[in-house]
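One structure is given below, represented as structure tokens, and several questions about it will come after.
This structure is a prediction, so every number in the text was calculated from the model and none was measured.
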Amino acid sequence: MARISLRHVEKRYGEVPVLFDCNLEIANHEFVVLVGPSGSGKTTLLRLIAGLEFLSKGEIYFDDTCVNDIDVSDRDVAMVFQNYGLYPHMTVYNNMAFGLRRRRMPAAQIDKRVRETARMLNMEPFLSRLPKQLSGGQRQRVALGRAIVRDPAVFLLDEPLSNLDAHLRVRMRAEILKVHRAVTATAIYVTHDQVEAMTMGDRIVVMNEGRIHQVGTPDELYDRPVDTFVAAFIGTPPIGFLTVEARDADGRVELANAAARITLSSAQSATLKAAATTHVTVGIRPERLALGESNDKANAGVVIRGTAEIVEVLGAEQYVHVAVNGESVTAKVSRDRPVRAGEALSLIADTRNLHVFDCETGKALR
């Protein structure tokens, strides 16, 4: 196993910066997911850890050893790629055994490792087949097996499931986690899919435009996002934002615009007064919004008026996209109360479920 430490890591291609002051600590046997939109720097960071790219600035440590000048072949890492990277002319057995043969490992030991790994991945019946004779999921298992059989200190997985269909991706997520529990390696997994990140990671690193925005458990990212980017990126359907003005209301702070009224608690009011800002962005998760009837509004901390633009029906639930004063929020509600596009609606929520951000910086106000 290996602890991994990134200290003020930066990367430039010529004069073009792609990573800015990245700091990250990964514990032994932790499964960490790097997530973010395309171009956020996830794969570049992974390649720096692997030794496939050179740092422009900073240090990378495996345990207490700085690996900046250690060749990729000596870092004890194994990578699994998006395109599998299998040798098409070799059988499954030979693909998995190839790296061990290059290390001149005894044949009996190679055979034992390959067969044990194939058994773990349910690939024993396919050891004599060529990659072209396998399904996409089976090829991905071979790629995983080729990494596992080496018994590395670190697994690096670069969007390994992006070529698979949705149903198979769900199955393979479970397979990868099962494999990780069975081995001793630390794992770093890159994806742009926040559902994969939330369901797989012990901790998640949210990246955008070459910067790490937040590192935390799935619950921490969902319940306590540090800024509007993290709040918007994590969660399906995505969080809705409203721009409101803060004003005094009998000692408390009320947030309002032409279509929304939000009366904050005493503690929330104190936080906002300390921030000394008059305009804020309020975020509300879709499942926290409810359809309000007239007798509900008086007791609700949050009352939002708008018009249903789109209604998506998904079995027992419906996603109602509501236009609110030139902005939009989404409510995830039961189909027991049908909603039609064009219908005027009132939405209510508890102020304890709000996320409040500074309008200018996008940073959370807590």
Side-chain angles (χ1 to χ4, degrees), residues 1-2 28-33 46 49-52 62 72-191 193 196 199-202:
M1 292 188 290
N28 281 335
H29 199 236
E30 193 172 17
F31 195 108
V32 169
V33 179
L46 197 75
I49 295 169
L52 298 173
F62 285 9
V72 58
S73 60
D74 297 320
R75 291 197 185 189
D76 199 14
V77 302
M79 284 196 74
V80 180
F81 298 96
Q82 175 181 346
N83 61 358
Y84 315 133
L86 303 179
Y87 297 109
H89 62 288
M90 291 186 184
T91 64
V92 169
Y93 184 100
N94 288 329
N95 263 285
M96 293 172 66
F98 182 77
L100 302 182
R101 287 174 178 154
R102 290 194 63 184
R103 294 182 177 186
R104 301 186 184 280
M105 185 177 287
Q109 193 174 347
I110 292 174
D111 187 70
K112 181 182 177 182
R113 281 204 189 181
V114 168
R115 293 189 183 280
E116 284 179 349
T117 303
R119 192 176 305 118
M120 181 191 303
L121 296 170
N122 296 317
M123 289 299 292
E124 277 187 297
F126 307 101
L127 286 174
S128 61
R129 293 193 185 182
L130 295 172
K132 67 181 180 181
Q133 297 170 315
L134 303 175
S135 68
Q138 288 168 338
R139 292 179 197 176
Q140 191 59 75
R141 289 185 189 185
V142 177
L144 283 171
R146 191 170 58 181
I148 294 165
V149 78
R150 291 177 49 195
D151 192 25
V154 180
F155 278 125
L156 303 176
L157 302 99
D158 188 9
E159 303 207 39
L161 306 183
S162 58
N163 289 337
L164 305 180
D165 62 64
H167 179 70
L168 190 52
R169 287 177 74 156
V170 173
R171 285 176 49 198
M172 287 302 300
R173 288 204 301 259
E175 290 287 343
I176 290 172
L177 291 176
K178 180 179 174 182
V179 166
H180 180 249
R181 286 194 294 268
V183 300
T184 60
T186 302
I188 306 175
Y189 185 104
V190 164
T191 182
D193 185 335
E196 276 185 20
T199 55
M200 297 182 73
D202 296 326

According to side-chain hydrogen bond (donor to acceptor under 3.5 Å, both in side chains), who are the partners of R75, at least two apart in sequence or on a separate chain?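 Here no residue qualifies.
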Work out which heavy atom in M200 is nearest to a heavy atom in L177; give both atom names and the distance.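 Looks like O-CD2, 3.5 Å.
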My understanding is that only residues two or more places apart in sequence, or in another chain, count here; which of them pass salt bridge (charged side-chain N to carboxylate O under 4.0 Å, His left out) with R103? none
Quick one: which residue pairs count as a salt bridge (charged side-chain N to carboxylate O under 4.0 Å, His left out) with a foot in residues 142-159, not counting sequence neighbours?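 Found none.
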Tell me, which pairs form a salt bridge (charged side-chain N to carboxylate O under 4.0 Å, His left out) where one or both residues lie in residues 120-139, sequence neighbours left out? R119-E124
Partners passing salt bridge (charged side-chain N to carboxylate O under 4.0 Å, His left out) against E116 (at least two apart in sequence or in another chain):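 Expected list: none.
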Say whether, by atom type as modelled, one donor and one acceptor occur between the side chain of Q109 and the main chain of P106 under 3.5 angstrom. no
By side-chain hydrogen bond (donor to acceptor under 3.5 Å, both in side chains) - contacts of E196 (at least two apart):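 With sequence neighbours excluded, E196 shows a side-chain hydrogen bond (donor to acceptor under 3.5 Å, both in side chains) to R169, Y189, T191, given in chain and number order.
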Restricting to side-chain hydrogen bond (donor to acceptor under 3.5 Å, both in side chains), what partner residues turn up for S73, sequence neighbours left out? D71
Interatomic spacing from CG in N28 to OG1 in T184 - rounded to 0.5 Å: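 Result: 9.0 Å between the selected atoms.
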Of all heavy-atom pairs between A118 and L127, which one has the smallest distance, and what is that distance?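 Shortest heavy-atom separation between A118 and L127 comes out as CB-CD2, 3.8 Å.
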Decide yes or no for L144 and M172: does some side-chain heavy atom of the first lie under 4.5 Å from some side-chain heavy atom of the second?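 Answer yes - side chains close enough.
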Output every pair passing salt bridge (charged side-chain N to carboxylate O under 4.0 Å, His left out) with a member in residues 179-191, not counting sequence neighbours, ordered by first then second residue. none
To the nearest 0.5 angstrom, please state how far the CG atom of L86 sits from the CG atom of L134. 8.0 Å
Taking C-beta and beyond as the side chain, do P152 and D76 meet within less than 4.5 Å on heavy atoms?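 Side chain of P152 against side chain of D76, heavy atoms only: contact under 4.5 Å found.
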Which pairs, with at least one residue in residues 133-179 and sequence neighbours excluded, count as a ring pair (Phe, Tyr, Trp, His ring centres under 6.0 Å)?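 The answer is none; no pair qualifies.
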State the CG-NZ distance between N122 and K178, to the nearest 0.5 angstrom. 6.0 Å
Report yes if some heavy atom in the side chain of L164 is under 4.5 Å from a heavy atom in the side chain of R171; otherwise report no. no
Smallest separation among heavy atoms of A187 and L157, with atom names: CB-CD1, 4.4 Å
Would you indicate whether the side-chain heavy atoms of I176 and L161 approach each other to under 4.5 Å?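 A side-chain contact under 4.5 Å exists here.
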Between Q140 and V80, is there a side-chain heavy-atom distance shorter than 4.5 Å?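 Side-chain contact under 4.5 Å: yes.
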Quick one: pull up CD in E30 and CD1 in I188 and give me the separation to the nearest 0.5 Å. 9.5 Å
Nearest-0.5 Å distance, OG1 of residue T186 to CZ of residue F31: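 Spacing of OG1 (T186) from CZ (F31) equals 11.5 Å.
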Under 3.5 Å, which donor-acceptor pairs link side chains of residues 88-100 to any protein atom two or more places apart or in another chain?
| unit_1 | atom_1 | unit_2 | atom_2 | d |
| --- | --- | --- | --- | --- |
| T91 | OG1 | N94 | N | 3.2 |
| T91 | OG1 | N94 | ND2 | 3.3 |
| Y93 | OH | D111 | OD1 | 2.7 |
| N94 | OD1 | R101 | NH1 | 2.9 |
| N94 | OD1 | R101 | NH2 | 3.2 |
| N95 | OD1 | Y87 | N | 2.8 |
| N95 | ND2 | Y87 | O | 3.1 |
| N95 | ND2 | M90 | O | 3.1 |
| N95 | ND2 | T91 | O | 3.2 |

Please name all residues satisfying salt bridge (charged side-chain N to carboxylate O under 4.0 Å, His left out) with R141, sequence neighbours left out, ordered by chain then number. E175
